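This one's a predicted model, so the numbers in the text were calculated from it and none came from an experiment. Heads up: numbering here begins at 1 and tracks the sequence. Start at 1 and go down the list; that is how both ligands and their atoms are numbered.
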Amino acid sequence: MICFGHRGASGYEPENTLRSFKRAIDFGCPWIELDVYLVDDHIVVIHDEDLSRTLNGTGRVSTSNFSYLRSLDAGKGEQIPTLEEVFTLVDHQCGINIELKGPGTAAAVGKLLASTRYPKDEILISSFDHHKVALMDPDWNRAALFEKASSEYVDRALALHAVSINLDRHLVTEAVVVKAHRAGLKVYVFTVNTKADLQHMDALAVDGVFSDFPDRVLAMQDKH
Ligand code: G3P
Ligand code: CA
């Protein structure tokens with residue numbers, strides 16, 4: 001069961017900040033997960049469209065300009081990072097799952113990955129908006145995210161040539177995992193934080209979990 005540091009190590013540090021990603025890397029997390037929007041041709045890393053939960057600002061990502069976003073405090077003095085800054089920080093120490101949230105992100109991320117010649121096995125692209133996933137070059141590892149129950153997880157992922165279905169933890173059953181594995185798909189589950197939930201996912205033989213507390217996942221693996 002591999003670990004994706006959800007928005008970095010967001011149980012400990014301000015989510016989706018360089019500080020949070022560094023903490024996940026320091027824990028030895030093999031993957032981090034982050035969320036992106038496109039603002040003034042910059043790919044910015046933030047989860048919510050509304051700025052008020054994680055920043056000392058107001059308004060929306062889509063109606064803000066880049067310099068305003070960069071003037072805000074994302075917690076502990078951190079700025080909203082750009083995806084390029086995350087690449088520099090990570091420096092191939094872990095994989096990066098880029099979740100496409102905002103309009104225009106598929107093309108912009110594709111362009112950046114191509115220009116940086118990013119290694120394909122260090123990137124996983126995902127989105128709840130499967131049209132965005134379909135826009136990415138199929139050479140990139142891609143995942144279909146689901147937050148609502150459906151009988152079509154596997155069919156939709158296969159149609160997208162995805163490598164995995166990424167499911168809300170409440171949607172995961174043994175039957176879903178077996179069906180996905182038979183189709184050659186991995187099953188990655190979000191967001192799994194408690195010991196009981198981690199053990200439950202392990203028992204269901206999922207392939208990976210997104211956790212705000214990557215150290216908890218890694219500690220569990222050490223005991224295996
Ligand atoms: O990609 C897994 C998970 O991050 C999806 O949900 O709302 O945390 O972006 P959310
Ligand atoms: Ca996410």
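- Listed by number with element, the atoms of ligand 1 under 4.0 angstrom from any heavy atom of E99 are 1 (O), 3 (C), 4 (O), 5 (C), 9 (O).
- Around the Ca ion (ligand 2), the protein N, O or S atoms closer than 3.0 Å are E33 OE2, D35 OD1, E99 OE1, listed by chain and residue number.
- Only the side chain of L145 comes within 4.0 Å of ligand 1, judged by heavy-atom distances.
- Close contacts between ligand 1 and D35 involve ligand atoms 9 (O) [criterion: under 4.0 Å to a heavy atom].
- Between the side chain of R142 and the backbone N or O of L124, no donor-acceptor pair lies under 3.5 Å.
- The protein atom (non-hydrogen) at minimum distance from atom 7 (O) of ligand 1 is H47 NE2, 2.8 Å.
- Ligand 1 lies less than 4.0 angstrom from a heavy atom belonging to F128.
- Ring planes of F210 and F190: perpendicular class, angle over 60° (limits at 30 and 60°).
- Minimum heavy-atom separation, S20 to E15: OG-CA, 4.3 Å.
- In K101, the part holding a heavy atom less than 4.0 Å from any atom of ligand 1 is the side chain.
- With Q221 contributing its side chain and M1 its backbone, the two residues share a donor-acceptor pair below 3.5 Å.
- Distance check, rounded to the nearest 0.5 Å: CZ of R23 to CG of D215 gives 7.5 Å.
- Near F190, with a cut-off below 4.0 Å to any heavy atom, the atoms of ligand 1 are 2 (C), 3 (C), 5 (C), 6 (O).
- Close contacts between ligand 1 and R7 involve ligand atoms 7 (O), 8 (O), 10 (P) [criterion: under 4.0 Å to a heavy atom].
- Between L185 and V187 there is no side-chain heavy-atom pair separated by less than 4.5 Å.
- Ligand 1 has an N or O atom lying under 3.5 Å from an N or O atom of E33, backbone or side chain.
- In this structure, Y37 contributes its side chain and H47 its backbone to a donor-acceptor pair below 3.5 Å.
- Side-chain N or O atoms of N193 include one that pairs as donor or acceptor with a backbone N or O of D212 at under 3.5 Å.
- A side-chain donor-acceptor contact under 3.5 Å links D168 and H170.
- The residues R60 and E49 are annotated as salt-bridged, a charged nitrogen and a carboxylate oxygen being separated by less than 4.0 angstrom.
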